[in-house]
Amino acid sequence: MSSRLIGVGVGPGDPELVTVKGVNALRAAAVVVVPVMDTGERGRAEATVLHYVEARKVVRVVFALNERTDRSRREAAWDAAGERVAALLREQGTVAFATIGDPNVYSTFTYLAQTIADLVPGTVVETVPGITAMQDLASRSGAVLTEGTEPLTLVPVTAGAAVLKEALSGPGTVVAYKFGRQAREVAEALRDSGRLDDAVWGSALGLPEESIRPAAELDGAPLPYLSTLIAPARREGGRGGKL
């Protein structure tokens with residue numbers, strides 16, 4: 001029987017936002033892998049999973065989640081993590097991998113699945129979608145992501161502030177992920193594009209330390225790495241104006 005690797009999106013951090021299908025997949029798997037940094041602290045995915053799965057089923061696997069510059073170190077960590085998960089697949093048959101947000105949106109699961117395809121040929125790879133940070137922030141802040149024919153652009157600011165500036169110059173809503181370390185550049189880009197007043201940012205959504213603020217309050221101080229920004233589309237013409 002083929003082994004199965006299931007990427008399960010567990011949302012931004014609020015355990016109540018894990019889908020029923022996600023909970024069922026976590027509970028049905030022989031083991032649940034959670035990614036951790038080499039510093040060893042409990043990550044958001046692990047904290048969420050433990051609301052639904054006994055700790056004895058959870059296996060912590062180190063990923064270079066915070067490595068952005070040293071490609072060789074990052075790939076060595078991916079290889080080591082892949083070997084660990086491959087061993088679990090051979091032993092257990094079905095392994096769930098819990099990832100914050102959605103497994104098909106800027107997720108470590110993508111790289112793991114590619115590695116497993118080489119290490120354990122024939123493994124069936126599946127994903128269970130999860131609620132994303134932009135959806136959660138929109139809900140908690142009242143920001144509307146899209147109306148009518150508006151496009152939606154999602155930008156990881158790890159790619160640089162220039163990518164965000166280009167997106168802000170276009171139509172529709174712009175969402176920025178992982179912008180905390182470049183908060184000053186993000187504030188400047190919003191101001192230069194005339195899109196500061198309606199924008200909102202948030203971090204630690206659904207957790208005790210949650211913070212949701214107008215982007216106009218950004219003062220350039222560094223924010224948590226996993227901060228999310230929504231800059232809504234310019235909307236004129238009243239209700240249904242973008243239809």
Side-chain angles (χ1 to χ4, degrees), residues 1-67 71 73-136 154 156 177-178 205-207 226:
M1 182 178 296
S2 297
S3 54
R4 293 173 65 216
L5 176 64
I6 308 170
V8 181
V10 296
D14 183 346
E16 293 186 342
L17 292 182
V18 184
T19 67
V20 173
K21 186 171 184 177
V23 171
N24 289 340
L26 293 171
R27 290 176 173 169
V31 295
V32 178
V33 169
V34 294
V36 296
M37 293 191 295
D38 53 13
T39 50
E41 72 264 26
R42 177 177 293 175
R44 197 173 298 182
E46 181 179 5
T48 304
V49 164
L50 288 173
H51 281 82
Y52 299 105
V53 174
E54 295 179 4
R56 63 180 178 81
K57 281 185 58 172
V58 177
V59 176
R60 310 174 95 217
V61 175
V62 174
F63 285 79
L65 299 173
N66 59 343
E67 181 57 67
R71 183 181 179 88
R73 178 178 178 273
R74 183 174 65 242
E75 293 194 350
W78 287 347
D79 289 341
E83 292 284 359
R84 180 74 177 99
V85 174
L88 291 170
L89 284 165
R90 297 184 188 106
E91 296 166 4
Q92 305 291 341
T94 301
V95 173
F97 180 89
T99 177
I100 60 172
D102 182 278
N104 293 304
V105 181
Y106 299 131
S107 171
T108 304
F109 180 74
T110 300
Y111 313 122
L112 175 64
Q114 292 170 353
T115 304
I116 291 300
D118 293 330
L119 295 176
V120 191
T123 296
V124 175
V125 177
E126 305 171 8
T127 58
V128 177
I131 291 175
T132 61
M134 65 178 168
Q135 291 170 287
D136 196 14
L154 176 59
Y177 274 3
K178 305 177 183 179
L205 302 174
L207 302 176
L226 291 177

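For clarity, every value in this text was computed on a predicted model and none was experimentally measured.
Ring orientation note: the planes of Trp78 and Tyr111 are close to parallel, at an angle under 30° on the 30°/60° scale.
A donor-acceptor contact shorter than 3.5 Å is absent between the side chain of Arg60 and the backbone of Pro35. Here the side chain of Glu83 pairs no donor or acceptor atom with the backbone of Ala80 at under 3.5 angstrom. Listed for the Ser107 side chain is no donor-acceptor partner under 3.5 Å among the backbone atoms of Thr110. Proximity of a side-chain donor or acceptor of Arg44 to a complementary backbone N or O of Pro12 within less than 3.5 Å is detected. Using a distance-only test at 3.5 Å, with no hydrogens or angles considered, no donor-acceptor pair links the side chain of Tyr106 to the main chain of Lys178. No side-chain donor-acceptor contact under 3.5 Å links Lys57 to the backbone of Val33.
Taking CG of Leu88 as the start and OG of Ser3 as the end, the distance is 11.0 Å to the nearest 0.5 Å. Of the inter-residue distances, the one linking Leu17 atom CG with Ile131 atom CD1 reads 4.5 Å to the nearest 0.5 angstrom. To the nearest 0.5 Å, the span separating CD1 on Ile6 from CZ on Phe97 amounts to 13.0 Å.
The side chain to side chain contact (heavy atoms under 4.5 Å, CB included) test with Leu26 singles out one residue from Thr48, Val58, Val10, and that residue is Val10. With Thr127 as reference, Asn104 is the one residue of Thr99, Asp102, Asn104 to meet the side-chain hydrogen bond (donor to acceptor under 3.5 Å, both in side chains) rule.
Side-chain contact between Glu126 and Leu5: absent, with no pair of heavy atoms (C-beta onward) separated by less than 4.5 Å.
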Problem set entry | Verdict with reasoning, Glu46 to Val36, per side chain to side chain contact (heavy atoms under 4.5 Å, CB included) | CA-CA 8 Å; Glu46 181 179 5; Val36 296; 3.9 Å; yes
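In terms of heavy atoms, Ala45 sits closest to Ala98 at CB-O, 3.7 Å.
Residues Phe109 and Phe63 keep their aromatic ring centres 6.0 Å or farther apart.
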